[in-house]
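Report on the following structure.
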Amino acid sequence: MSENNSKKKWYSSWAFRIPFIILLVLLFSFCSLVVVRGFQFKKEFAANPLSVNQKNELDLLLKNKYSERYQIIQSLPYNLTGQKLSVGAGSAILIDVANGNVIYEKNADEVIPPASMTKLFAMYVVDEEVSAGRLHYDDIIPLPPECWACNMPPHSSLMFLGEGHQVTLEELLLGLSICSGNDAAYALAYAVCGSMEAFVARMNQVAVGLGLSNTHFVESSGYSELNTTTAREMAAFAKVYINHHPDSLKRFHSVEKFTYPKARNLAPGHVLAAQDFTQGLPRHITMSITQQNTNPLLGKLPGCDGLKTGYIHESGYNLSLTAERNGVRFLSVTMKGPGNNTAEGQAGRVKDGTTLMEYGFKNFADYDIENFVQPVFLKVYGSRERAVNLVPAFEVKTETVPFITGETMAQNLEQVQVKVSVPQHLIGDVVLGYEYGQIEVLLGDYVLDRIPLVADRQIEKANVLIRAADAVYCK
């Protein structure tokens with residue numbers, strides 16, 4: 001009997017102890033988990049790198065969600081009032097090249113033939129070939145009969161290429177940019193692609209690749225009224241051209257005059273001599289001709305170093321214009337400029353170009369925010385990953401700042417503030433592309449820009465035990 005009682009006591013004692021032991025084990029395990037999680041978070045200083053697929057998913061999401069801010073040019077991120085400019089051209093636009101912000105526009109989406117502004121696309125294609133090492137500026141370029149000056153359409157602008165001339169690629173680009181030579185345009189087309197059709201296809205590929213839906217070419221000189229673009233799309237392209245090939249401005253577009261042919265360019269057996277052009281252009285051109293850059297604001301508008309004029313009857317007087325002062329660059333495009341003759345057309349280009357550029361430089365300046373627009377690392381509690389990066393939803397390195405306070409632009413810029421707002425940490429699941437913070441650029445009562453900071457990855461919340469353990473640290 002006593003033996004049975006003893007067994008019952010032992011059983012009863014352990015029956016009581018087992019749950020208690022289990023509870024202690026669980027408590028110990030939980031405390032250990034808390035300690036381990038705390039140790040892990042203490043050592044967490046960076047989120048895991050994104051995989052290629054994660055990066056692509058993030059990029060696609062942001063480009064769809066913030067599509068306007070991913071365009072080459074876009075509206076200012078703030079509203080302005082009181083823009084009253086006297087611009088005679090039927091269509092016009094003015095942008096800040098640093099960020100593509102549009103600070104003035106007038107009928108900027110009207111479809112108009114670009115005329116010789118078309119040649120900018122031709123120069124871009126050639127510069128791409130040079131950058132790739134397939135062509136060099138000192139290459140001697142063959143001149144088939146299709147590009148001789150004597151075979152160009154009536155009233156063409158020319159650099160005066162002739163049979164047997166020895167001309168370099170750089171000279172052709174100078175003849176294209178300064179003299180607006182249609183013969184140079186044909187020579188480059190044959191040199192790069194072997195035919196005008198193939199070269200124009202390359203130009204159209206550039207337009208399609210940049211999303212310029214109203215820009216299309218049928219030939220590379222701009223002579224045809226079937227070439228089309230808009231002021232907005234030409235400005236977008238010119239911004240890309242300047243950014244991709246900045247040396248072209250100094251090398252080609254800012255050169256004020258060009259003399260051709262020189263003695264070294266002539267066919268063997270020919271010498272420089274006066275020629276009689278009254279019966280039309282000869283095949284062998286031996287008279288040296290100096291032409292001024294068709295851009296009427298070179299050397300007159302401070303900071304002006306490009307780009308290109310254009311005229312045919314169907315387009316009026318066009319001008320792509322750029323200037324830089326104190327590190328700030330603006331670009332304007334005016335199309336359907338008025339004028340009954342070249343003198344009137346040039347006067348209109350000067351007036352409109354000066355009006356737009358002076359308005360830009362007087363009323364706006366650039367402010368660098370690149371150091372503020374950076375990924376922000378945050379710890380994430382109660383999740384399957386312990387960290388996330390909040391990244392800018394779109395790239396902004398420079399803000400276009402209006403002159404609205406202070407006596408000088410310098411004083412105005414001193415009042416700009418950049419405010420970064422993010423939480424101390426995140427809890428639970430994290431949604432890819434969701435906005436968890438923001439960057440604000442402020443000037444007085446103006447919010448000049450607001451840049452969302454979004455999660456660069458999707459993270460699911462953890463199980464109950466981990467969420468409970470992390471709750472110790474994230475209160």
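No experiment lies behind these values; they were computed from the predicted model shown.
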Inter-residue atom distance I369.CD1 - I451.CD1, 0.5 Å rounding: 4.0 Å

Pairing of R134 and D139 as salt bridge, 4.0 angstrom limit: no

From D456 atom CG to Y436 atom OH, the distance as rounded to the nearest 0.5 Å: 11.0 Å

Reported NZ-to-OH distance for the pair K262 and Y260, which is rounded to 0.5 angstrom: 9.5 Å

F199 ring center near Y190 ring center (under 6.0 Å): no

Pairs meeting criterion ring pair (Phe, Tyr, Trp, His ring centres under 6.0 Å) with involvement of residues 307-353, two or more places apart: Y311-Y317, F330-F361

Flag, side chain of N99 to backbone of T398, donor-acceptor distance under 3.5 Å: yes

From C304 atom SG to L321 atom CG, the distance as rounded to the nearest 0.5 Å: 4.5 Å

Geometric class of the Y241/H245 ring pair [parallel <30°, tilted 30-60°, perpendicular >60°]: tilted

Heavy-atom side-chain contact between L143 and V167 under 4.5 Å: yes

Pair R450-E435, salt bridge (charged side-chain N to carboxylate O under 4.0 Å, His left out): steps then yes or no: CA-CA 12 Å; R450 179 181 173 280; E435 180 182 335; 2.2 Å; yes

E358/R325 salt bridge by N-O under 4.0 Å criterion: yes

Backbone N/O of P113 and side chain of N227: donor-acceptor pair under 3.5 Å: no

Heavy-atom donor-acceptor pair, R457 side chain to Q54 backbone, under 3.5 Å: no

Sub-6.0 Å ring centroid separation between F252 and Y137: yes

Distance (rounded to the nearest 0.5 Å) between L298 CG and D305 CG: 8.0 Å

Contact check, side chains of L173 and E170, non-hydrogen atoms, under 4.5 Å: no

Flag for T400-D96: side-chain donor and acceptor within less than 3.5 Å: yes

Check: S156 side chain, P153 main-chain N or O, donor-acceptor pair, under 3.5 Å: yes

Working for side chain to side chain donor-acceptor pair (under 3.5 Å), residues S157 and S180: CA-CA 6 Å; S157 299; S180 198; 4.6 Å; no

Salt-bridge contact E129-R202 (side-chain N to carboxylate O under 4.0 Å): yes

Derivation and outcome, salt bridge (charged side-chain N to carboxylate O under 4.0 Å, His left out), residues E110 and K336: CA-CA 10 Å; E110 183 177 353; K336 291 182 69 175; 2.8 Å; yes

R329 versus T322, side-chain donor and acceptor atoms under 3.5 Å: yes

Backbone N/O of T294 and side chain of Q346: donor-acceptor pair under 3.5 Å: yes

Main-chain N/O of V255 paired with N293 side-chain donor or acceptor, under 3.5 Å: yes

Beyond-backbone contact of I459 with D429, side-chain heavy atoms, under 4.5 angstrom: no

Distance-only side-chain donor-acceptor flag, E385 / S383, under 3.5 Å: no

Under 3.5 Å donor-acceptor, K106 side chain and G90 backbone: no

Polar side chain donor-acceptor pair, N101 to S75, under 3.5 angstrom: no

E171 side, atom CD; M159 side, atom CE - distance, nearest 0.5 Å: 6.5 Å

Ring centers of H155, Y223 separated by less than 6.0 Å: no

NZ/NE/NH1/NH2 to OD/OE distance under 4.0 Å, E460 and R384: yes

Whether N363 side chain and F403 backbone form a donor-acceptor pair below 3.5 Å: no

Check: F217 ring centre within less than 6.0 Å of F121 ring centre: yes

Side-chain donor/acceptor of T215 to backbone N/O of A207, under 3.5 Å: no

Sub-4.5 Å side-chain heavy-atom contact between L76 and D449: no

Under 3.5 Å donor-acceptor, Q417 side chain and V441 backbone: no

Heavy atoms from other residues, nucleotides or ligands near CD of E128 exceed 12 (cutoff 6.0 Å): yes

Side chain to side chain, N265 and L161, heavy atoms closer than 4.5 Å: no

